[in-house]
Number of protein chains: 2
Amino acid sequence: MSKIQHRNLYREVADRVLDLIEQGELASGDRIPERELCERFGVSRTPLREALKVLASEGVVELLPNRGARVRQLTLKMVKDTYDLMGALEGLAGELACQQISDEGIAEIRDLHGRMLDHYRNRELAEYFRVNRQIHEGILAASQNEALQEMYSNLSQRVKRVRYSKQMTDDFWRRAVEDHEAMIEALEQRDGRWLGQILREHLCNKLEVAAMDEVIDDRQRA
Amino acid sequence: MSKIQHRNLYREVADRVLDLIEQGELASGDRIPERELCERFGVSRTPLREALKVLASEGVVELLPNRGARVRQLTLKMVKDTYDLMGALEGLAGELACQQISDEGIAEIRDLHGRMLDHYRNRELAEYFRVNRQIHEGILAASQNEALQEMYSNLSQRVKRVRYSKQMTDDFWRRAVEDHEAMIEALEQRDGRWLGQILREHLCNKLEVAAMDEVIDDRQRA
DNA sequence: CGATGGAATTTTGAATTCATAATAACTTTG
DNA sequence: CAAAGTTATTATGAATTCAAAATTCCATCG
């Protein structure tokens, strides 16, 4: 594994720790072995500890006084709460986007929507999710609200490790696509209130939560 | 000034730095003098630097590589963006609160509301704002969504140093109180959607932004 | 007199060191 | 053999040290 290059070291280290968590090498609740990670990353304890403190403030890690850092346990409630929050943020993003977005911006999102529909028709789940995410990110970006985008991506990061997209009943999927149809229409009409409401209530996230149920339980048992 | 007691040192230091910023001793854009603060707090550079990194991730401070930390400049746009965000969060809190809050909880908030009205009638601005804040915090707490509360207080902290409540035209004030009347009604009817909408559009914050305009400009010129 | 170049100083970034708290290992004893 | 107490080991928290970068200060030159 390549050594880290020395610039903004603590942030670099934090990102590497996040990778380890996302890839499951550090599981929920695991103690984070300071010395070992230092050796592995080729850095001293100082930047690693700085990284851990930042990750703690971002809600990814838990610091127990005199007992080191652990990967924060995600309970089902925490994930639900986080998705509620993300919904609210997306709702705001939608409202703002309708005020701010350019016609080209709308065209781009409509284009993404078209591609998403193709993947839906072909039942290409992974591709569908990828484009789906691009649409949501596009709306976030169009809001032109940096703080909003920052918070959203922070929340998104928190729950990334339990994101789950396998089980997707036809019915849920169909309804998610319907939501997206409405979103596009609201966006083209620049009806911010409508778009905001759709996004806040968009069932995609709630669906994920439902599917996630047993996954989290599994991890907590482990 | 009393020395800091040594437990969770970096968080303690961070709070002290926040105090300095809030009290204006460290102004917007100011360089943060590492060595000096260390002496003042009676700690070494390590915990101070950890604190600064955390504050940077919380958006209060800016870290320039090899050039130290500065108090992050607040532009008017950033403050507006932040208030939009806070509105969205309060909106969500309102919706959730309607589902979660106990009858006693509602009674408490109604009580606060009554006291706020008294202060309004007596034109006691400071008292009014204090109780007003308690109401909003009460709704946040009733949402039972920890992530939401955490995020809200973080945002609130970011803009605390420019909070401004002097100019309050009678007309704005009257409308703010009207909003609150509606809020109480929505809460008592447990009409989450309505309460959410009121909170999202509650003009209190927008009012502050308007009043804040020249204040921020002043600071940026300095 | 102002601009440019180059030491001297200060500040920052990161590793190392040191003291203390927590954990593990090992006795001892009932 | 198990439980409790004690010692040894390890991990953590924070100060210190060291190298590199930036800034300041001063001298030189145009």
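Side chains included, hydrogens not; waters and symmetry mates left out as well; all remaining heavy atoms used. Note on naming: letters A, B, ... go to the chains in the order of the sequence lines (proteins, then strands), and numbering restarts at 1 for each one. Keep in mind that what you see is a predicted model, and the values were worked out from it rather than measured.
- Residues passing the salt bridge (charged side-chain N to carboxylate O under 4.0 Å, His left out) test with Arg11(A), sequence neighbours excluded: Asp15(A), Glu58(A).
- With sequence neighbours left out, Asp30(A) forms a salt bridge (charged side-chain N to carboxylate O under 4.0 Å, His left out) with no residue at all.
- Contact annotation: Arg49(A) does not reach the phosphate of dT12(D) (side-chain N/O to OP1 or OP2, under 4.0 Å).
- Rounded to whole Å, the distance from CG on Asn8(A) to P on dA14(C) is 8 Å.
- Remark: C1' of dG13(C) and CG of Leu63(B) are 12 Å apart, rounded to the nearest angstrom.
- OP1 or OP2 of dA15(C) lies within a sub-4.0 Å distance of a side-chain N or O belonging to Ser44(A).
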Atom pairs and distances, side-chain donor-acceptor, residues 138-145 of chain B, under 3.5 Å, sequence neighbours left out:
from: Ser143(B); atom 1: OG; to: Leu140(B); atom 2: O; distance (Å): 2.6
from: Ser143(B); atom 1: OG; to: Asn145(B); atom 2: N; distance (Å): 3.2
from: Asn145(B); atom 1: OD1; to: Ala147(B); atom 2: N; distance (Å): 3.2
from: Asn145(B); atom 1: OD1; to: Leu148(B); atom 2: N; distance (Å): 3.0
from: Asn145(B); atom 1: ND2; to: Asp81(A); atom 2: O; distance (Å): 3.2

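- Taking the six-membered ring where the residue is Trp, Tyr128(B) and Trp173(B) present perpendicular rings, their angle passing 60° and hence far from 30°.
- In this structure, CD1 of Ile32(B) is placed 14 Å from C1' of dT12(C), rounded to the nearest angstrom.
- Atom CD of Glu12(B) is separated from atom P of dA14(D) by 10 Å (rounded to the nearest Å).
- The distance from atom CG of Leu37(A) to atom C1' of dA11(D) is 14 Å, rounded to the nearest whole Å.
- Gln100(A) pairs by the side chain to side chain donor-acceptor pair (under 3.5 Å) definition with nothing, not counting sequence neighbours.
- Atom CG in Leu64(B) sits about 16 Å away from atom P in dT11(C), given to the nearest Å.
- Within the nucleic acid shown, Glu50(A) has no heavy atom closer than 4.0 Å to any nucleic acid atom.
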Reading 5' to 3' through nucleotides 18-23 of chain C, protein heavy-atom contacts under 4.0 Å coded B for base, S for sugar-phosphate only, - for none | ---SSS

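- To the nearest angstrom, C1' of dA15(D) lies 14 Å from CD of Glu39(B).
- Remark: Lys77(B) does not engage Asp84(B) in a salt bridge, criterion side-chain N to carboxylate O under 4.0 Å.
- If you find the closest nucleotide of DNA chain D to Ala69(A) and to Thr46(A), the one lying nearer the 5' end belongs to Ala69(A).
- By the salt bridge (charged side-chain N to carboxylate O under 4.0 Å, His left out) test, Glu25(B) is found to be paired with Arg40(B), residues two or more places apart in sequence or in another chain being considered.
- Remark: C1' of dA14(D) and CG of Leu48(B) are 13 Å apart, rounded to the nearest angstrom.
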